[in-house]
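The block underneath contains the structure these notes are about, expressed in C-alpha cells.
Keep in mind that the numbers below use all heavy atoms, side chains included, and drop hydrogens, waters and symmetry copies. Computed from a predicted structure; not experimentally measured.
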Amino acid sequence: MATTPAAQQDRTLLVTGGTVHTLTPAGRAEALAVRGERIVHAGTAEECGAALDGRVDERLDLGGRQLMPGFVDAHCHPVMYGQNLAWADVRPETVADIDALVAALRRHAEGLRQEAPLRGFGYEHRRLAEGRHPTCQDLDRVATDREVYVMNASGHGGVVNTYTLHKYGITAGTPDPVGGRIGRTASGEPNGELWDGACDLLTGPDGVKITNHGPNFHLDDPADIMRGHLLRAQQTFLAAGVTTIGDAQASRRELSTYLRARDAGDLRMRTSVYLTSALLDTALDLGLGSELGDDQLRIQGVKLYADGTLGGWTAYFPEGYAADCCNHGQLYHDPAEYADLVLRAHRAGFQTATHAQSPYAIGMVLDAVEKALADTPRTDPRHRVEHCGLPTDDEITRMRELGVHAVLQPQHHLRTGDGTLTAIGEMGHRYNPAGLLQSAGTEFAFSSDAPVAPPRPFEAVAAAASRETVLGTRLGTPEMRLAVADGIRAHTLGGARALHRENEVGSLRPGAFADFVVTDADPYRTDDLARLATAGVDETWIGARQVWSATA
Ligand SMILES: [Zn+2]
C-alpha cells in the first residue's frame with residue numbers, strides 16, 4: 001500500500017479569503033488550518049496561522065468564495081454507474097418510444113467491437129410511448145448475432161434479445177429462478193424480460209449470483225474495462241463535490257475493482273462497502289464482522305432487501321396498488337427469513353443496510369432490528385433503512401428509538417414523484433418526508449443511488465426543500481419539507497454518520513480529513529432553490545489535495 005512520506009505528513013495548508021462552512025456548532029469560520037491530510041483548526045486567519053506555528057507550505061485563497069465539507073453519498077453504486085455511463089442512454093429524457101430505443105442501441109453499436117455485448121441503461125416502460133417493456137423481438141431489430149440487453153431504470157432487471165435467450169439456454173421450459181421472474185408470452189415463451197434473480201442467468205456459469213437477495217446488476221467486464229467504469233464514475237462524483245461514498249451492494253465485482261484501483265493509486269473517493277446479503281454466509285465464514293479496512297477503503301456492512309421499487313411498482317403493499325389492486329409488489333424474503341439474516345449479521349458485528357420502501361417493508365426491518373438488539377445488545381450499530389420512502393409517523397418514532405438511520409434520495413421524488421402518486425395514490429404525497437424525520441429527531445442521510453439519479457448533492461438538497469417534482473407537482477405538506485441547512489447537513493455529516501465516519505469526514509472539525517469543496521455560490525442562500533439545484537462546484541479536495549477543478 002502507498003504510504004505518505006514524512007515531509008507530506010507534515011505539509012501545511014492555510015485556507016483564507018472566503019467563508020468556511022464547518023458543519024460544526026460554530027457554523028462558520030474565516031480560515032482553515034491543515035497539517036498533512038487533517039484539519040488542525042477552523043477559526044480566524046490569525047488563529048489558523050498560529051495553529052500551524054507560523055509555517056505555511058501552501059496557501060489557498062478562496063477569493064471570496066465558499067468552502068464546505070466534501071459531500072458524502074451514503075448510498076450509490078459507482079461501478080454500475082460507470083458501466084451504465086458507457087452503455088447506450090435509453091432513459092426517458094433521451095428516447096420517447098421503442099423505435100427510438102432501437103435506434104439508440106444501433107448507434108451505440110457503431111462504437112463497439114463486433115462481438116461485444118450491446119447494452120443500454122435506463123428505460124422506463126411507462127414513459128415509453130407504447131407504455132410497455134420492449135420485447136426480445138424489438139431488440140432483435142438491433143442485432144441477432146450478439147447479446148443485446150436494456151436495463152430498466154430501476155436496475156432490477158430488463159430485456160434481452162433472442163440471441164441472449166438462446167445463449168443462456170432460457171426457454172419456455174426454464175423455471176423462474178429463486179427470487180426472480182422470467183417474462184413470458186401468453187403461450188409461456190420467454191418474452192425477453194428478466195427480473196431480479198432471473199438476471200443470475202445473464203452473468204454466466206462463473207458470474208456473480210444474487211438469488212433472492214436483490215437485483216443482479218453485476219455483469220462482468222474484463223478487469224481493465226471495469227477499472228475504466230470506476231474511474232469514469234469517480235470523475236462524476238468528484239465533479240459534483242462528493243468525496244466519500246457508500247457502495248450499497250458489493251460483490252466480488254465491486255470489491256476487486258476497488259482493490260485494483262487502490263493498488264494503482266487511482267481510488268480517490270473514500271469508499272465504504274456494503275456486501276450483498278447473498279454473500280453473508282461467505283462473510284461470516286471468513287470471520288468478517290466489524291469494520292475492516294482503512295480511511296480509504298473499508299468493508300462496512302451488509303446490504304439486504306425487504307421489498308422492491310416504487311418506480312417498478314414492486315415495493316410491497318399488502319392492500320394492492322391504487323392503480324392496480326391485483327398488484328401487491330414483492331418481498332425478497334418472508335419476514336422470518338429476513339429477521340434471521342439481520343440477526344446473524346448483527347451478531348457478527350456488521351452494520352446492516354436494508355432496502356425498504358413501503359410502510360410494511362420498513363416495519364419488517366424495524367421488527368428485525370428490534371429482535372436483533374434484544375438478542376445481542378450492541379452500542380450504536382446504526383442499522384440503516386435504504387430509501388425509506390414511505391415511513392409512517394410511528395415508524396419514524398421507532399427508528400429514533402432503535403437508533404436506525406434512514407438513507408433517503410430526494411432526487412427520486414423529484415424525478416418519479418408523479419409516477420408514485422399514480423401508483424399508490426394519496427399515500428405518495430408522503431414520499432421522502434425528510435422534514436418529519438428531522439422534527440422527530442430520527443437520523444437520516446441524503447444520497448443519489450447513482451445510477452438511479454446522478455450524483456448532484458445540491459439538486460437533492462433543493463428537492464428536499466421544495467418537494468416539487470420535475471412536472472411541478474408539490475408533494476405533501478409543508479412540514480415534510482426540509483430546510484436547506486438541514487439538507488446540507490444530511491448530505492455531509494448525516495452521510496458520514498450513516499457510514500460511521502463522522503470523526504473523519506462530513507464536517508471541518510479538528511482531526512477530520514481536509515476533504516472539502518469550494519463553491520462560487522453560497523450554498524446556504526435559500527431564496528432561489530432552482531439556482532441551488534444547479535449550483536456547481538469549483539474545486540474538490542480530498543486529504544488536503546485538489547482532486548478535481550472546474551478549470552483544470
Ligand atoms: Zn441502490
Side-chain angles (χ1 to χ4, degrees), residues 74-77 80 154-156 178-180 196-197 199-200 208-218 246-251 254-255 272-284 288-289 291 299-310 314-316 329-373 375-376 378 381-389 391 395 399 402-409 445 447 449 452 498-500:
H75 178 132
C76 55
H77 308 278
M80 176 193 184
S154 67
H156 283 243
V178 176
D196 289 301
C199 297
D200 283 0
V208 171
K209 304 301 172 199
I210 302 292
T211 64
N212 65 325
H213 289 267
N216 187 344
F217 47 72
H218 304 270
D247 185 315
Q249 184 170 322
S251 68
E254 284 69 25
L255 207 50
S272 298
V273 168
Y274 291 79
L275 303 171
T276 162
S277 61
L279 292 173
L280 177 60
D281 287 336
T282 306
L284 297 178
L288 294 176
E291 294 164 10
I299 295 175
Q300 177 63 47
V302 175
K303 167 71 181 296
L304 306 98
Y305 282 78
D307 67 344
T309 69
L310 283 171
T314 54
Y316 184 66
Q330 66 175 109
L331 294 174
Y332 284 88
H333 311 276
D334 70 49
E337 178 182 290
Y338 169 76
D340 182 60
L341 289 167
V342 169
L343 178 62
R344 291 193 294 133
H346 172 84
R347 276 181 182 158
F350 278 119
Q351 181 189 25
T352 66
T354 302
H355 170 121
Q357 288 283 28
S358 77
Y360 183 97
I362 294 166
M364 185 171 132
V365 177
L366 299 181
D367 288 348
V369 168
E370 190 172 343
K371 249 177 153 168
L373 288 168
D375 175 274
T376 309
R378 267 175 56 194
R382 298 185 203 174
H383 294 299
R384 300 175 19 169
V385 179
E386 309 303 299
H387 314 304
C388 200
E395 286 170 344
M399 289 173 69
L402 295 167
V404 166
H405 289 227
V407 180
L408 309 175
Q409 294 85 26
S447 59
D449 198 14
V452 182
L499 297 173
H500 280 281

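- For the residue pair Q409/S447, the side-chain donor-acceptor check at 3.5 Å is satisfied.
- Checked options L341, L304, L279, L280; the residue passing with H213 is L341 (criterion: side-chain contact (heavy atoms from CB on, under 4.5 Å)).
- A donor-acceptor pair is defined here as one N or O able to donate and one able to accept, closer than 3.5 Å; such a pair exists between the side chain of Q249 and the backbone of P215.
- In this structure a side-chain-to-backbone donor-acceptor pair under 3.5 Å is missing from N216 to G197.
- A distance of 11.0 Å separates CG of D247 from CG of L499, quoted to the nearest 0.5 Å.
- Under the 30°/60° scheme for interplanar angles, the aromatic rings of H387 and H75 are found to be tilted.
- With sequence neighbours excluded, the residues that form a side chain to side chain donor-acceptor pair (under 3.5 Å) with Y338 are T354.
- Under 3.5 Å, the side chains of Y305 and Q330 contain no donor-acceptor pair of N or O atoms.
- Checking side-chain atoms of H383 against main-chain N and O of T352 turns up a donor-acceptor pair under 3.5 Å.
- A distance of 9.5 Å separates NE2 of H355 from CD of E386, quoted to the nearest 0.5 Å.
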Please report, to 0.1 Å, the donor-acceptor pairs under 3.5 Å made by any side chain of residues 356-363, with sequence neighbours excluded.
unit_1, atom_1, unit_2, atom_2, d
Q357, OE1, G389, N, 2.9
S358, OG, D307, OD2, 3.4
S358, OG, Y316, O, 2.5
S358, OG, Y360, N, 3.4
S358, OG, A361, N, 3.1

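- Atoms NE2 and CZ, from H500 and R382 in turn, are 5.0 Å apart once rounded to the nearest 0.5 Å.
- A donor-acceptor pair is defined here as one N or O able to donate and one able to accept, closer than 3.5 Å; no such pair exists between the side chain of D200 and the backbone of K209.
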* To do: For side-chain contact (heavy atoms from CB on, under 4.5 Å), just list the numbers for F350 and R344, CA-CA rounded to whole Å, side-chain angles, deciding distance to a tenth of an Å, and then say yes or no.
  => CA-CA 9 Å; F350 278 119; R344 291 193 294 133; over 6 Å; no

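- In this structure, H218 has no ring-ring contact (aromatic ring centres under 6.0 Å, His included) partners at least two apart in sequence or on a different chain.
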